[in-house]
Amino acid sequence: MNIAIFLQSNKPRALFLLIVASAVIFGVFSGAEELNKIAVARQKVPFSFYGDAFIGLAEALKGETYLGYYTDVSIDVPKYGARFAQVQLALAPLILDLNNTSRRFVLFDCDNPQKCVEKIKEIKARPLKASNRGTILAITTAN
Amino acid sequence: MIYILPISISIMIGYLGLRLILKNDPPKLPLLIFLGASAGLFASAFLVFTSLILWGKLFSAFVITAHTALLLALGWCVRKVFPDGKRLPLNEFEASDKLGLLLVAVITIPVIIHANFYPYGGWDAWSCWNLKARFIFLGGEGWKNMFDPLLWRSNIAYPFLVPAVNVWAWCFGTDPVNTVPLGVSCLITFITAGTLLFALKKITGRLHVLLAPLWLLSNVFFVKLASSQYSDLMVGNYFLAAIVSWIAFEKSKSRGWLCVMALMLGALSFTKSEGLVLSLITLGLAFMMRLLSKDKSGLTKGLWIFGAAAVVAFLPTIIFQITFSTNSHTFINGLGSADKPATLERLQAVLAFMGMELMSGKWNGFWLIALLGIALSRWKAWRKELLLIPLTLIAYLIVLGGVYWINTFFPIVWWLGNTLNRIIYALTPAVIFWVFLALE
């Protein structure tokens, strides 16, 4: 096909295609740079998913619908909101009831583990399991 | 690797189904396969949803059996309708088609790479889409707990086409492995890019359309969102497929394309609430345009076929909205609220933000280039066969702006900043399609 004829037959299209081609070239280079940055960052800090630490807990709580989730931080802060969302995903189909310690089982997940320990004592819950992150699954005396 | 099997079954079902529906005006094999893939994934989600309705839970054996039966039935029908062996016309693959396929595969690689950096996807993948999928897969009869008001942060009013597709694939295993949603998001990218390319190639017959999928996927922002395991790209894919079907109908007047369009709109309506709005706008405008068309030949029959196909395709959405949809816990009617009124300032903020978003650097000038393309085309972008596209886009943006203005639950700047870019991104495949055709 004669490219010159193609371009001259429809000049507005030719101009548009030239601009798109330029955008593509720019996009490819900037995209490659972006992906490379992410790859380098990943090598330094490998991927981790906060919810992975909770896999298996849902199985252990089969038969329950709700799980209280107590935390000493605000999930309106994106970092902690993400954490909450990831734990919820890992524990589905359990439904996390945020800061409700009247559920039969409650997960205590504090930034400051001591606060969770104090809360457990306050509500007279009985710890069942603890992770090395300081997260504690406890049974309450509510039911 | 086992999960490739259910996806292959979906694609085959879609391909065979469209081969029958479009027997009077079949597109070439590459486009048929890509449109078939979209149709097949919807069929799979439809069957998963049927299981939830009939059995009150996911019944994997039923879902697998139903797929098998559908595949066999469609295969038998295709054999009957095409006795001369034109069931899989591989000779329709030209050299340029092979080049196009290779290109689409290559440009999907960055999406695959990025997806593997974030194997669980983005925030809404954890908190909404994959969460819904897990409730369906693991919840048994308690799957409906995903509509519990305590999960209001997880968009409980949304339907769930993408989660249902993921659940279908999980039926072949025992665990809700995250490789499935990761793989499905890459697949949808591949399908969208392929549909865009081969639809343009069908209509224009030219090679310069190879730039279209390149333009789509050379934008790193698009790559990031495509690999996030959200439903927005599904919205974009089905909207594009519906528009492609409409254009094909406008050119050939073959009613099979109206059926395909209805099917794609039905799928679109089951992706998320924005998809439902977009599908209804498109359906309504298409219906009106057909009714007002000067070409009255076969009008009544055509409208009946379109309407009937739409009813079938919208069934999951209709049942979902009647049976499962909950009152949104994230809606305040600002027009009637004294505490959080819909003010003129809020409306101004919406309009200003929309304008700023289109000029934002993350788009690499996409919207400016698209607008330039429309301007260069002069009136041709608004010609009859393409008119549905701009009318739908304008109506959709007006409705969108209205929702942002009236729903005062969220602070407007936060809400726009977190959601508008994704909604607009879903329109990019159809916009590229429109601009390329406008300049022909």
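Throughout, protein chains are lettered first and strands after them, A, B, ... in sequence-line order, and every chain is numbered starting at 1.
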> Looking at every non-hydrogen atom in both residues, tell me the closest pair between B:Ala133 and B:Val167 and how far apart they are.
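Minimum heavy-atom separation between B:Ala133 and B:Val167: O-CG2, 3.4 Å.
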> Can you tell which part of B:Trp215 gets under 4.5 Å to a heavy atom of chain A, answering side chain, backbone, both or neither?
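For B:Trp215, the contact with chain A is made by backbone and side chain together.
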> With a 4.5 angstrom heavy-atom cut-off, is it the side chain or the backbone of A:Ile25 that approaches chain B, or both, or neither?
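Contact with chain B involves no heavy atom of A:Ile25 at all.
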> Is it the case that over 12 heavy atoms from other parts of the model lie below 6.0 angstrom from the CZ atom of B:Phe409?
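Correct, the count exceeds 12.
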> Out of B:Asn116, B:Ile107, B:Asp148, return the one with the most heavy atom pairs under 4.5 angstrom to chain A.
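Heavy-atom pairs under 4.5 Å are most numerous for B:Asp148.
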> Identify which part of A:Ala90 has an atom lying under 4.5 Å from any heavy atom of chain B, answering side chain, backbone, both or neither.
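The backbone, not the side chain.
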> Is there side-chain contact between A:Thr65 and A:Ile95, with at least one heavy-atom pair below 4.5 Å?
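Yes, at least one pair of side-chain atoms sits under 4.5 Å.
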> In terms of heavy-atom pairs under 4.5 Å, which option from B:Leu216, B:Ile113, B:Leu138, B:Val223 contacts chain A the most?
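So the answer, after comparing B:Leu216, B:Ile113, B:Leu138, B:Val223, is B:Leu138.
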> So which of B:Val220, B:Val435, B:Leu150, B:Asn219 has the largest heavy-atom pair count under 4.5 angstrom toward chain A?
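Most pairs with chain A among the choices: B:Leu150.
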> Just say parallel, tilted or perpendicular for the rings of B:Trp363 and B:Phe366, cut-offs at 30° and 60°.
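Geometry flag for B:Phe366 against B:Trp363: tilted rings.
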> For the candidates B:His114, B:Met146, B:His208, which exhibits the highest count of non-hydrogen atom pairs separated by less than 4.5 Å from chain A?
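Option with the top pair count is B:His208.
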> Quick check for you: among B:Leu372, B:Leu151, B:Leu217, which has the greatest number of heavy-atom pairs under 4.5 Å with chain A?
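Highest number of heavy-atom pairs under 4.5 Å: B:Leu151.
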> Please classify the contact between A:Arg42 and chain B as side chain, backbone, both or neither, with a heavy-atom cut-off of under 4.5 Å.
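When you check distances to chain B, only side chain atoms of A:Arg42 fall under 4.5 Å.
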> Can a donor-acceptor pair be found between the side chains of A:Asp52 and B:Tyr120 at a distance below 3.5 Å?
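Note: A:Asp52 and B:Tyr120 side chains meet the donor-acceptor criterion.
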> Pick one of side chain, backbone, both or neither for A:Phe84, based on which atoms fall under 4.5 Å of a heavy atom in chain B.
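For A:Phe84, the side chain is the part near chain B, not the backbone.
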> Using 4.0 Å as the upper bound for N to carboxylate O, is an ion pair formed by B:Asp124 and B:Arg422?
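The answer is yes: the pair qualifies as a salt bridge.
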> Could you tell me whether A:Arg103 sits above the aromatic face of A:Tyr70, with NZ or CZ closer than 6.0 angstrom to the six-membered ring centre and within 45 degrees of the axis?
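Judged by the rule (NZ or CZ under 6.0 Å from the ring centre, within 45° of its axis), A:Arg103 is not positioned above A:Tyr70.
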> With a 4.5 angstrom heavy-atom cut-off, which part of B:Phe137 approaches chain A: side chain, backbone, both or neither?
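Contact with chain A is absent: no heavy atom of B:Phe137 under 4.5 Å.
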> Name the member of A:Ala58, A:Pro46, A:Ala82 that forms the most heavy-atom pairs with chain B at distances under 4.5 Å.
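Most heavy-atom pairs under 4.5 Å with chain B: A:Ala82.
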> Go through the atoms of B:Lys380 and report whether side chain, backbone, both or neither lie under 4.5 Å from a heavy atom of chain A.
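Answer is side chain: those atoms of B:Lys380 sit under 4.5 Å from chain A.
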> With a 4.5 Å cut-off on heavy-atom pairs, point out which of A:Leu15, A:Val28, A:Leu17 contacts chain B the most.
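Winner by heavy-atom pair count: A:Leu17.
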> Where on A:Ile75 is there a heavy atom nearer than 4.5 Å to chain B: the side chain, the backbone, both, or neither?
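Interface part for A:Ile75: side chain.
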> Sort A:Ser9 into side chain, backbone, both or neither according to what part of it lies under 4.5 angstrom from a heavy atom of chain B.
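Interface part for A:Ser9: neither.
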> Let me know if B:Arg153 has heavy atoms under 4.5 Å from chain A in its side chain, its backbone, both or neither.
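Just its side chain gets close to chain A.
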> Could you check whether A:Glu118 pairs with A:Lys121 (Lys NZ or Arg NE/NH1/NH2 to Asp/Glu carboxylate O, under 4.0 Å)?
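Looking at A:Glu118 and A:Lys121, the cut-off is not met.
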> Taking NZ, NE, NH1 and NH2 as the nitrogens, is one of them in A:Arg83 or A:Asp111 under 4.0 Å from a carboxylate oxygen of the other?
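Yes, charged N to carboxylate O under 4.0 Å.
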> Could you check whether B:Glu94 pairs with B:Lys201 (Lys NZ or Arg NE/NH1/NH2 to Asp/Glu carboxylate O, under 4.0 Å)?
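Looking at B:Glu94 and B:Lys201, the cut-off is met.
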> Counting C-beta onward and ignoring hydrogens, is there a side-chain heavy-atom pair between A:Val117 and A:Ile136 closer than 4.5 Å?
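Yes; the side chains approach each other to less than 4.5 Å.
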> Heavy-atom distance under 4.5 Å to chain B: side chain of A:Glu34, backbone, both or neither?
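Contact with chain B involves the side chain of A:Glu34 alone.
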> Compute both the distance and the angle, then confirm whether B:Lys362 meets the cation-pi test with B:Phe221: under 6.0 Å from the six-membered ring centre, within 45 degrees of the axis.
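That pair qualifies as a cation-pi contact.
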> With only heavy atoms counted, which part of B:Asn130 is less than 4.5 Å from chain A, the side chain, the backbone, both or neither?
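For B:Asn130, the contact with chain A is made by backbone and side chain together.
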